[in-house]
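Chain A is the first sequence line, chain B the second, and so forth, proteins listed ahead of strands; every chain is numbered from 1.
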There are 2 protein chains.
Amino acid sequence: MTSKQEFIEKLRNSCLRPTKQRINICEVLFNRDKTFHFTINDLFNLIKDKTGEKISLATVYNTVHAFHKKGYLKEIPINSNQTYFDTNVTDHHHFFDVKEEKLIDLKNEDVGPIEIQKSIPGKKIKSVEVLVKLED
Amino acid sequence: MTSKQEFIEKLRNSCLRPTKQRINICEVLFNRDKTFHFTINDLFNLIKDKTGEKISLATVYNTVHAFHKKGYLKEIPINSNQTYFDTNVTDHHHFFDVKEEKLIDLKNEDVGPIEIQKSIPGKKIKSVEVLVKLED
DNA sequence: ATCTTCTTTAGAATAATTATAAACAACAAA
DNA sequence: TTTGTTGTTTATAATTATTCTAAAGAAGAT
Ligand SMILES: [Mn+2]
Ligand SMILES: [Mn+2]
Ligand SMILES: [Zn+2]
Ligand SMILES: [Zn+2]
């Protein structure tokens, strides 16, 4: 449980002005026990439900991308009509329940280390992600 | 090198009428040595270049999805503004060169077998894909 | 208080994809 | 071959996620 005051400090330390909207979004996103996977639309609706106040869609986009740029959110590569984000920014893998359209974290020990044996001259590895699609 | 006649047969066997457009798309997609990674837009332009004739964008979408549904094309999960497809429909992994926006096949031996140790009740694994993002 | 800079916002613009419905082509049955 | 049926192509419109714009508002510094 992070206090409003702590979010304000974190935002300031990140050169992001602690506006009412950003603080609300912080609380919705980061005041939780488990990792949270969401689309912009999920978040937009959740904010209305949880805080009772509406934040404009443009602001939700702006804020999510600001947080993403600062490394506080991760983007998950799946083919969907909407982009998925993740509050767990560590390197980790996912199940994707295709029917429910839901992401589930995989612990690294559930997958084991992945050694990439091939390399491309002049390029280095930025990330290695496993996506396990689930069906019924 | 597959002949036009063979494409016609393959289309018929798949309950897809062998139209001029579908045969052309087959030739552009499948008459190649190496696996081909593309977006709808790539394909649309390539058809004009290679065959001199224009196929309507709607038909390119229709055909790609028809082929995808029949299992002749694979969809590659990456976050991009456009969806990527692959003529290599076997289970395999990818490099994605973020700067060039290009996919490169990884052989399974370049990655090694991936054992998923976790399972979700009532769900079974449909696919396991590794995406390795590359930067300079 | 005042000024500057950053942020929010509604609404417009963009761009990938999908839907529509009329013209057309493939196929099978006469 | 003609004819009828069904599947396909096409131009165009609709949809939808995302980004852009520019004006109003809020935060922070002086
Ligand atoms: Mn996750
Ligand atoms: Mn491939
Ligand atoms: Zn982002
Ligand atoms: Zn498809």
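Of the residues near DNA chain D, B/L57 and A/Y61, the one whose nearest nucleotide (by heavy atom distance) lies more toward the 5' end is B/L57.
Ionic pairing of B/K99 and B/D136 is present here: one or more N-O contacts between side-chain nitrogen and carboxylate oxygen are shorter than 4.0 angstrom. With respect to A/E53 and A/K20, a salt bridge is recorded, a charged nitrogen being found less than 4.0 Å from a carboxylate O. Checked for salt-bridge contact, B/K74 and B/E129 meet the test: a charged N lies under 4.0 Å from a carboxylate O.
The CG atom of B/N24 sits 15 Å away from the P atom of C/dA25 (whole-angstrom rounding). For A/I8 and C/dT7, the CD1 to P distance is 15 Å, given to the nearest whole Å.
Sorted by residue number, the members of residues 11-23 of chain B with any non-hydrogen atom under 4.0 Å from DNA chain C read B/R12, B/R17, B/P18. Of the residues in residues 72-87 of chain B, those placing a heavy atom less than 4.0 Å from an atom of DNA chain C are B/N81, B/Q82, B/T83, in numerical order.
Contacts between chain A and DNA chain D, taken as any atom within less than 4.0 angstrom of a protein heavy atom, begin and end at D/dA17 to D/dG28.
For the residue pair A/H93 and A/V128, the shortest heavy atom distance occurs at CE1-O, 3.5 Å.
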*Please assess A/H37 against A/F85 for the test side chain to side chain contact (heavy atoms under 4.5 Å, CB included), listing each intermediate value before the final yes or no.*
CA-CA 6 Å; A/H37 301 108; A/F85 294 92; over 6 Å; no

*Working for side chain to side chain contact (heavy atoms under 4.5 Å, CB included), residues B/L11 and B/R17*: CA-CA 6 Å; B/L11 286 166; B/R17 288 190 182 168; over 6 Å; no

*Evaluate the side chain to side chain contact (heavy atoms under 4.5 Å, CB included) criterion for residues B/L16 and B/R22: first the C-alpha distance (whole Å), next the side-chain angles of each, then the deciding distance (0.1 Å), finally the verdict.*
CA-CA 9 Å; B/L16 296 170; B/R22 284 175 175 163; 3.7 Å; yes

*Decide yes or no on side chain to side chain contact (heavy atoms under 4.5 Å, CB included) for B/E135 and A/K123, but give the supporting numbers first.*
CA-CA 6 Å; B/E135 63 189 350; A/K123 302 282 173 181; over 6 Å; no

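Aromatic ring pairs are classed by plane angle as parallel below 30°, tilted from 30° to 60° and perpendicular above 60°; the pair A/Y72 and A/F67 is perpendicular. Note: B/F38 and B/F36 have parallel aromatic rings, judged against thresholds of 30 and 60 degrees for the angle between ring planes.
Base engagement by A/N62 is indicated by at least one non-hydrogen atom pair under 4.0 Å involving a base atom.
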